[in-house]
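Here the structure comes first, spelled out in structure tokens, and everything after it is commentary.
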Amino acid sequence: MKQSENIVNDFNIEQFQHDLITWFEREQRILPWRQDQDPYKVWVSEIMLQQTRVDTVIPYFNRFVEHFPTVESLAHAEEDKVLKAWEGLGYYSRARNLQAAVKEVHEQYGGKVPNTPEEISKLKGVGPYTTGAILSIAYGVPEPAVDGNVMRVMSRILSIWDDIAKPKTRKLFEEIIRLIISKDNPSYFNQGLMELGATVCTPTSPSCLLCPVREHCRAFEQGVQAELPIKSKKKPPKPKQMAAVVLTNEKGEVLIHKRPNKGLLANLWEFPNVEVDLSIGSDKDQLKAFLWTDYRTNATLHQQFATIQHVFSHLVWNIAVYEGSIADDISESDTRKLVSIDELENYAFPVSHQNILKEYRLR
DNA sequence: TATTCGTGGGA
DNA sequence: TTCCCAAGAAT
């Protein structure tokens, strides 16, 4: 017998489905993406919600669907506009992958979001979770949508002690959900599990006394709900020393640079900056050398006016920020522009460089 | 499989 | 303050 079948053996599936779904019908939060089942809007919401809290997503979602209400409108939008709408939300590849996938849907599927696992999961940025979420919520197809909530909730309910940080564990939960998902209402079943994880079966101090499926919960029965799920820790981010400059010409325009189209903060704009090694020399000298090699400009660097720390998931930037001026001309290009201070708001910056601009205005 | 991809909020 | 995280996917 498979592990998943063994785990679900003796579990009252039908009663659990009923208790979960009726609770969700009764208690679900009113959220912008729950106003209808438009597959495009379900899709957008699911991409935004990846690794991101509901309260953070709400204003972004509302603005995004206002700017880009349909598959066609997003397919035809300029990427810079899409990134600007995503500015501050993080994981910016989500935005570019979403637009690439929407173009695919526009061109290959006549603008209609496909409704099979095979077709949906081929779209850029759409993995196993999002495939199941779109299929179940928008089309009522009984596919598992296993996210962090589902793994936490089900590890408690079924007393599963596998490490949910391991990729293999997600597959176990997918097998389990396939065995217990409601065929009548897969949308509310999947959403109910996630809603339960977000509002009741929380990571710390779950509200078991308010739980609609408490009588199904093996962890509660054994009093071990606080010990589940098992989740191994991630390694701490590594620090990087950076130097950046707000560089102005005689007209008061500021030099900005577009990041490469791959990797960290891809295709976002930034102030000229470079990683420095303080054991070699001063950050100011290394910044000046960088401006010469990369921009062929002989800049004059003035005083450092800020130090900015920015924490990512896997690294920490410590940025020394200088004020500078250029006397000679710099040729502009697609990735290099001289912009007046007021025009900067039209470009998408990572939060770290938004903070550089804030400090510059306050200096 | 483990690492790379952001950000802001909460314990 | 420090840590962990929150509706994951790509590589």
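First the proteins, then the strands, lettered A, B, ... as listed; each starts at 1.
- Nucleotides B:dC5 and C:dA6 are separated by 23 Å at their P atoms, to the nearest Å.
- One finds a side-chain N or O of A:Tyr92 lying less than 4.0 angstrom from the OP1 or OP2 phosphate oxygen of B:dT7.
- Within 6.0 Å of atom NZ in A:Lys183, more than 12 heavy atoms from other residues, nucleotides or ligands are found, so the atom counts as buried in its surroundings.
- Looking only at side-chain heavy atoms (C-beta outward), A:Arg361 and A:Lys358 stay at 4.5 Å or farther from each other.
- Among the nucleotides C:dC4, C:dG8, B:dT7, the one closest to any side-chain atom of A:Val351 is B:dT7.
- Checking the phosphate oxygens (OP1, OP2) of C:dA9, a side-chain nitrogen or oxygen of A:Thr130 falls inside 4.0 Å.
- Where A:Glu46 and A:Lys124 meet DNA chain C, the nucleotide closest to each residue was compared, and A:Glu46 sits on the side nearer the 5' end.
- A:Glu332 meets the side-chain hydrogen bond (donor to acceptor under 3.5 Å, both in side chains) test with no other residue; sequence neighbours excluded.
- As a whole-Å value, the separation of A:Gln51 CD from B:dT3 P is 16 Å.
- Spacing between atom CZ of A:Phe312 and atom C1' of B:dC5 amounts to 10 Å, rounded to whole angstrom units.
- Contacts of A:Pro203 with the nucleic acid, taken as non-hydrogen atoms under 4.0 Å apart, involve only primed sugar atoms and P, OP1 or OP2.
- Other residues, nucleotides and ligands place no more than 12 heavy atoms under 6.0 Å from the CG atom of A:Asp329.
- C:dT2 and B:dG6 have their P atoms separated by 24 Å, with the value rounded to a whole Å.
- Between B:dG6 and A:His310, no contact under 4.0 Å exists linking OP1 or OP2 to a side-chain N or O.
- One can place CG of A:Leu89 at 11 Å from C1' of B:dG8, the figure rounded to the nearest angstrom.
- For the pair A:Trp86 CH2 and C:dA9 C1', the computed distance is 13 Å after rounding to whole Å.
- Within 4.0 Å (heavy atoms only), A:Arg259 reaches no atom of the nucleic acid at all.
- Mapped onto DNA chain B by nearest heavy atom, A:Tyr91 and A:Lys168 fall at different nucleotides, with A:Lys168 at the one closer to the 5' end.
- Of the two residues contacting DNA chain C, namely A:Lys262 and A:Ser45, the nearest-nucleotide position lying further toward the 5' end is that of A:Ser45.
- For A:His314, no side-chain nitrogen or oxygen approaches OP1 or OP2 of B:dT3 to under 4.0 Å.
- Residue A:Ile58 contributes atom CD1, which lies 16 Å from atom P of B:dG8 at whole-angstrom precision.
- Nucleic acid contact class of A:Val57 (heavy atoms, under 4.0 Å, all strands): none.
- Among the protein residues, A:Gly88 comes within range of the sugar-phosphate backbone only, with heavy atoms under 4.0 Å from sugar or phosphate atoms but none that close to a base.
- In terms of position along DNA chain B, the nucleotide closest to A:Lys171 lies nearer the 5' end than the nucleotide closest to the other residue of the pair A:Ala266 and A:Lys171.
- To the nearest angstrom, P of C:dC4 lies 15 Å from CD1 of A:Ile230.
- With no hydrogens or angles considered, a side-chain donor-acceptor pair links A:Gln191 and A:Arg34 at under 3.5 Å.
- Across B:dG8, B:dG6, B:dT3, the shortest atom-to-atom separation from the side chain of A:Lys235 is found for B:dT3.
- Nucleic acid contact class of A:Val150 (heavy atoms, under 4.0 Å, all strands): none.
- For the pair A:Glu143 (side chain) and A:Thr131 (backbone), a donor-acceptor distance under 3.5 Å is absent.
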Collect all protein-nucleotide pairs involving nucleotides 9-11 of chain B in which both atoms are nitrogen or oxygen and the distance is under 3.5 Å.
none

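- Taking only distance into account, the side chain of A:Tyr129 never meets the base of C:dG8 through a donor-acceptor pair shorter than 3.5 Å.
- When the P atom of B:dC5 is taken as reference, atom CZ of A:Arg94 falls 15 Å away, rounded to whole Å.
- Of the candidate nucleotides B:dG8, B:dG6, C:dC5, C:dC5 has the atom nearest to the side chain of A:Lys231.
- Linking Ile, Leu, Val, Met, Phe, Trp and Tyr whenever their side-chain heavy atoms come within less than 4.5 Å leaves A:Ile157 and A:Leu210 in two separate clusters.
- Atoms CD (A:Gln50) and P (C:dG8) sit 7 Å apart, rounded to a whole Å.
- Using modelled atom types, no side-chain atom of A:Glu72 and backbone atom of A:His106 make a donor-acceptor pair closer than 3.5 Å.
- Counting non-hydrogen atoms under 4.0 angstrom, A:Arg96 reaches nothing in the nucleic acid.
- Remark: aromatic rings of A:Phe349 and A:Phe271 are close, center separation under 6.0 Å.
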